[in-house]
Every structure is written in structure tokens, then in C-alpha cells.
2 protein chains.
Amino acid sequence: MPRHAPIELEKFVPYQLSIVSNTVSEDIAREYRERFDLGTTEWRVMAVLARYDGDGLSARAVARLTAMDKVAISRALARLVANGRVLRRTHRGDKRRSVLRLSAEGWRIHDVVAPLARQHERAFLERLDADEQRALARILDKLLATDAAVR
Amino acid sequence: MPRHAPIELEKFVPYQLSIVSNTVSEDIAREYRERFDLGTTEWRVMAVLARYDGDGLSARAVARLTAMDKVAISRALARLVANGRVLRRTHRGDKRRSVLRLSAEGWRIHDVVAPLARQHERAFLERLDADEQRALARILDKLLATDAAVR
DNA sequence: CTACAATAGTTTCATTTGTAACCATTTGCA
DNA sequence: TGCAAATGGTTACAAATGAAACTATTGTAG
């Protein structure tokens, strides 16, 4: 047994994960950043506003739904509102809350970026065969579930 | 077909990957940050210095081996040297290059952190069954290989 | 030999991000 | 009621990160 047992970074799973994850996320992010001057957090906010487009979400709800912290959300919203992509009103009955909705312009951008993101996801998954794709989906679901359970 | 087809973030693979990856990396990083005041880049530098402990690496070599950029490496090295964890000499015959090595103190820290990191990796993988672990290893290798090929 | 390009590494400056403190409002309950 | 704790959100400050410019040295084409 060697005295020092160094880690082989390229076989270390957390490291591998971070490379794969950063690469694919960065590929997608670059495209909508260049085309719409949109940051990652901003895009995620838009995505949840699009999906839960019922009565308008609060910033807190957006934070929960994106698993990001409220300061990041606050900053993203400031830009989105300033750029006319999100409409912000005050909740009647609770003046602390904001009521958030995509604007028409926000929807227009969403309807370009969402398919584009899906396209990137597809291209990414196509580097795997069908079995591997299924396995990856299973694994990620399981990890996310057990992770949520732990916290 | 709905007019707007919003993304379901929690089923979007790049998003899932980023959550899983950040969670596990952050868990490990927190521990060595708290115990040794060591940043992620610093630890990665130490890991490659430990592994390729032949004639001493240059900063450029460290950058290549960690897949990080030379500015980040330069900063990490400045701290590591200041804290007595890495020894820096000048290459004889090429005064531009530095020759980097872990100090005794650096090795001491390495020999605590490396097993600790492996322990976290093990705990992470144990959330999967044996088949899933094999599948994940296969998938990551494949993605990293095709990724490298693409660039 | 000289001059220009390339390489190793650092510094600078702008942007991003994270943490803590903060303000306003609402809720819980003595 | 009335006041402390909790909640929604923003601001302020510090640390981390990235891009570009810079210094020093070495390689190389004429």
C-alpha cells in the first residue's frame, strides 16, 4: 500500500460530474446569452414563470421552484423587469409580495429559448445509446430524490 | 399542441446534472474549506501535484491537468505557497517556469483530504445500487470521451 | 546577432456570486 | 390590542471568477 494515495482526478466521480455538467450548461447558456443577453438565473426564472403561469408567482416561489437563493432571484428579476421581460405587480392583501408574470416580450423570448434548450438536451443525450439514456434518467431521478430526502 | 411549451426544469437533464453535481461537490468542498481553509482550485492543484510528483510540475502543466485556466492556477498557487503548502522553485534552464511540489505540510493535508474526498464519493455512490453505479461510470466515461472528441 | 513571435506566469479591472444585514409588512399569541 | 417573531424582498459589502493587458524570458527566422 503506497504511503500517499493520490486521487486520480479524471476518475473521481464528483469531478467528472462537474465537467460534464458545466460543459453542457455552458453550451446552452452561451447561446441564449449571446442571442438575448440573458443570464442563466434569468433564464431559469423565465422558465418557471412560463410553466407556473397561473395567478403569478412570488419571488419566494420562484426561488423554491428553481432551487436558487432569493438574492440571486431578486437580482435576476431586477434585470428582467428593467428589460421588459417580466411584469411585477404588488400582491393585493400582502404588500410584501410581488406578483410576477412574463410580459409579451418575455413569452416571445421564452418561445425561442425553450425549444433551443430542448434541442441541446437532445443533442447531449444522443451521445448515449438508448439503454444509457434510460439509465441516466433513472440515476438522476434517484439521486435527486435521495438528495432531497437527506436535506 | 400547446402554444407555449414550457420546460419542466426538474426533468431537464442539464438542470438535474447541475443540481447533483453542485450538491456533491459543495459537500466535499465545505469540509476541506472548514478544516483547512482550502479552496476548490487549491485542492485540485494539490491533488495533481500529489499524483504527478515526479520532477515537479510547472503551473502550465497543472492548468492542463486540472482543466482550469492559468489565472485561477496562479492565484491558487499564490495562496498555497504563502501558506507553506507548496514549494515553488525556478526551473534551471528556463527561468520562466516554476517547479512545483507539495511541502511536507502539503502532503500532510493531502493525506487527510484525499481519503475524505474518496469517502464522500463512496457515500454518494452508495445511494445507487451496483448496476446503477456501473452504468453511471460507463456513462460518464463516454460523455467525457465524446466531449473531449468534440472540442 | 537582431528582432519578432511565442510561452510562462502575474497583475489589473470588471462582473458575478455569496453572506449578512437590513427595511417593510404581516403573523402569532400573551 | 400590542409587540416579538417570522416573512418577502432588497441593499451593501466581501470574496471568487473571468478577460485582457502586462512582464520576463525563451525560441526562431532572417
Side-chain angles (χ1 to χ4, degrees), chain A residues 18-19 21-23 25-27 29-30 32-34 37-45 48-49 52 55-83 86-101, chain B residues 18-19 21-23 25-27 29-30 32-34 36-45 48-49 55-83 86-101:
Chain A
S18 86
I19 300 281
S21 169
N22 292 339
T23 305
S25 288
E26 184 46 38
D27 280 352
R30 183 178 27 257
Y32 57 67
R33 183 174 54 241
E34 284 171 4
D37 184 29
L38 200 61
T40 303
T41 309
E42 290 172 63
W43 164 244
R44 286 185 183 167
V45 169
V48 310
L49 290 182
Y52 302 97
D55 305 319
L57 293 176
S58 67
R60 185 80 198 83
V62 172
R64 256 184 282 106
L65 292 165
T66 52
M68 296 190 300
D69 87 280
K70 62 182 186 165
V71 176
I73 299 300
S74 171
R75 287 196 266 240
L77 281 169
R79 276 203 87 208
L80 288 167
V81 171
N83 293 331
V86 167
L87 304 171
R88 172 156 51 188
R89 314 207 40 169
T90 299
H91 191 276
R92 356 165 173 279
D94 187 346
K95 293 176 204 151
R96 292 170 307 180
R97 292 189 195 182
S98 36
V99 176
L100 301 162
R101 268 224 169 69
Chain B
S18 85
I19 300 280
S21 168
N22 291 340
T23 305
S25 287
E26 184 47 38
D27 280 352
R30 183 177 29 256
Y32 57 67
R33 185 173 54 240
E34 284 171 4
F36 299 103
D37 184 29
L38 200 61
T40 303
T41 309
E42 290 172 62
W43 165 244
R44 287 187 181 164
V45 169
V48 309
L49 290 182
D55 306 320
L57 294 176
S58 67
R60 184 81 198 85
V62 171
R64 257 184 282 106
L65 291 166
T66 53
M68 296 190 299
D69 86 280
K70 63 180 185 167
V71 177
I73 299 300
S74 170
R75 287 196 266 242
L77 281 170
R79 275 203 86 209
L80 288 168
V81 171
N83 294 331
V86 167
L87 304 171
R88 172 157 51 188
R89 315 207 39 170
T90 298
H91 191 276
R92 356 169 171 277
D94 187 346
K95 293 177 203 149
R96 294 171 304 181
R97 294 191 194 179
S98 37
V99 176
L100 301 162
R101 268 223 171 70

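Just so it is clear: chains get the letters A, B, ... in the order the sequence lines come, proteins before strands, and each one is counted from 1.
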Atom-pair distance ([atom1] on [X]; [atom2] on [N]), nearest Å:
X        : N       : atom1 : atom2 : result
Arg88(A) : dG8(D)  : CZ    : P     : 16 Å
Arg75(A) : dG8(D)  : CZ    : C1'   : 16 Å
Arg30(A) : dG18(D) : CZ    : C1'   : 14 Å
Asp69(A) : dA20(C) : CG    : P     : 11 Å
Arg97(B) : dG27(D) : CZ    : C1'   : 12 Å
Arg44(A) : dT17(C) : CZ    : C1'   : 14 Å
Arg33(B) : dG18(C) : CZ    : P     : 11 Å
Asn22(B) : dT17(C) : CG    : P     : 12 Å

Closest to side chain of Lys70(A), choosing from dG9(D), dT17(D), dG9(C)
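So the nucleotide nearest the side chain must be dG9(D).
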For Val71(A) and Gly93(A), find the nucleotide of DNA chain C closest to each by heavy atoms; which residue's nucleotide sits nearer the 5' end?
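Closer to the 5' end of DNA chain C: Val71(A).
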Is the shortest side-chain N to carboxylate O distance from Arg79(B) to Asp37(B) below 4.0 Å?
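Here Arg79(B) pairs with Asp37(B) in a salt bridge, since their nearest N and O are under 4.0 Å apart.
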Does the distance from a Lys or Arg side-chain N to an Asp or Glu carboxylate O, for Glu42(A) and Arg75(A), drop under 4.0 Å?
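Result for this pair is no, no salt bridge flagged.
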Is there a side-chain polar atom (N or O) of [X] under 4.0 Å from OP1 or OP2 of [N]?
X        : N      : answer
Ser58(A) : dG8(D) : no
Ser74(B) : dG9(C) : no
Ser98(B) : dG9(C) : yes
Arg96(A) : dG9(D) : no

Quick one: does any side-chain atom of Ser74(A) pair with a main-chain N or O of Lys70(A) as donor and acceptor, under 3.5 Å?
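Answer holds: no.
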Evaluate the side-chain proximity of Leu80(B) to Leu38(B): yes if any heavy-atom separation is below 4.5 Å, no if none is.
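Of all side-chain heavy-atom pairs linking Leu80(B) with Leu38(B), at least one is under 4.5 Å.
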Measure the spacing between OG of Ser21(B) and CD of Glu26(B) and express it to the nearest 0.5 Å.
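So the gap between those two atoms works out to 11.0 Å.
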Return whichever of Arg60(A) or Thr41(B) has its heavy-atom-nearest nucleotide of DNA chain D closer to the 5' end.
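The answer here is Arg60(A).
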